[in-house]
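So the structure is just underneath, and the comments pick up after that.
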Amino acid sequence: MASALINVPAKAGRGDVIEIKTLMSHIMESGFRRTAAGEIVPRDIITSFTCRYNGTEIFRADLFPAISANPFISFFTVAKESGKLEFEWVGDNGFASTASASITVE
Amino acid sequence: MQHPPNSSRRQFLGLAGGAAVLGALPVVIVRPAEATPAMLASAIQTVTGGAAVRIGKVKLDIPPLVENGNTVPMTVSVASPMTANEYVKSIHVFNEKNPQPNIGNFHIGPWAGRAQVSTRIRLADSQKVVAIARLSDDSFWSASADVIVTLAACTEEVN
């Protein structure tokens, strides 16, 4: 079970621009490294990250091997209504993980 | 017996020095135009579809000197009012010398409020990092930064 860290303000004023920070635990094996025996270590990365705000996609990222291990991504959105932010990571070898956070907008 | 090795060493040093000068010159002269290797150019072409990329509006925050290329903090921000009519559609980040030219594509919209994305990236060598933003009118703007990397990512052996 992969673990995620999400940082979303619990409360925000309507119309405020809020920062969302996410960190997903993942090796992000680039597929370009070799073992001491010279064999290539197969690629194992997260390829896609999506954030939905009350069901509407507000942020999507395509990730490549050049993203560091345990990918950290931060971005902004306008706090328009109270509700739920859902996060989804999809990657190689059937990797899929989700997380969510709720926000109260006043 | 001393003479031949000495002279060949001198020749070698002379050649190496000359090569270094030759190598350095084009970098200095060509940089403003197309100093970027073909892979980077074609990766950018894939995103822009051949549209002109202008320099400006984009700010790429990345340390100029990093010790560890495995995790380099990077922030891209774009000067945009982020209104319904004028906003940033996506931000794309590329590199010059990693095995693969892409770093990440980030899709945002007018609801973001602020066109800014941060992440941590890998750099396999001292190189140029390029950020390109696609605006709502489908124009492309870019910024680039040179980063010196002391310990490279990607190349080490796995134990």
Side-chain angles (χ1 to χ4, degrees), chain A residues 7 12-24 26-54 56-81 85, chain B residues 40 43 46-47 66 68-78 80-84 87-125 127 129 152-159:
Chain A
N7 187 332
R14 195 171 300 275
D16 284 359
V17 175
I18 54 166
E19 181 172 21
I20 299 166
K21 297 178 187 165
T22 68
L23 185 88
M24 171 47 92
H26 195 280
I27 183 170
M28 291 295 277
E29 183 58 58
S30 68
F32 296 105
R33 298 200 302 163
R34 289 172 185 277
T35 60
E39 292 159 21
I40 283 198
V41 182
R43 192 184 90 161
D44 180 15
I45 64 164
I46 293 174
T47 49
S48 158
F49 166 72
T50 317
C51 174
R52 288 185 194 85
Y53 188 176
N54 286 343
T56 313
E57 179 181 298
I58 56 163
F59 182 84
R60 183 165 51 88
D62 309 322
L63 308 184
F64 292 87
I67 300 288
S68 300
N70 305 325
F72 163 82
I73 300 172
S74 98
F75 53 96
F76 292 83
T77 195
V78 174
K80 57 181 197 302
E81 61 199 15
L85 287 149
Chain B
L40 172 58
T46 309
V47 165
V66 295
N68 186 350
N70 277 308
T71 168
V72 184
M74 177 199 79
T75 298
V76 183
S77 49
V78 187
S80 166
M82 296 305 274
T83 58
Y87 58 93
V88 177
K89 278 184 177 172
S90 58
I91 294 171
H92 309 265
V93 187
F94 304 94
N95 69 81
E96 198 178 14
K97 289 181 183 164
N98 280 9
Q100 214 182 349
N102 298 81
I103 293 179
N105 302 325
F106 307 95
H107 305 273
I108 57 174
W111 51 82
R114 188 186 303 173
Q116 183 176 323
V117 176
S118 303
T119 187
R120 294 199 277 250
I121 66 170
R122 287 181 174 133
L123 294 173
D125 200 352
Q127 56 181 305
V129 176
C154 311
T155 48
E156 79 276 35
E157 283 180 348
V158 181
N159 294 315

| Any side-chain donor paired with an acceptor under 3.5 Å for A/Ser74 and A/Glu19? | yes
| query | Given that the side chain runs from C-beta out, which part of B/Val93 has a heavy atom under 4.5 Å from chain A: side chain, backbone, both or neither? | reply | neither
| A/Ala69 versus chain B, the contacting section by heavy-atom distance below 4.5 Å | both
| Which region of A/Val17, side chain (C-beta onward) or backbone (N, CA, C, O), has a non-hydrogen atom less than 4.5 Å from a non-hydrogen atom of chain B, or is it both or neither? | side chain
| query | How far does OG1 of B/Thr46 sit from CG of B/Asn105, to the nearest 0.5 angstrom? | reply | 10.0 Å
| Should A/Phe49 and A/Phe59 count as side-chain neighbours, where that means a heavy-atom distance under 4.5 Å? | yes
| said: Does any backbone or side-chain atom of A/Leu23 lie under 4.5 Å from a heavy atom of chain B? Answer side chain, backbone, both or neither. | reply: side chain
| request: Report the relative orientation of the aromatic rings in B/His107 and B/His92; use parallel for angles under 30°, tilted for 30 to 60°, perpendicular for over 60°. | output: perpendicular
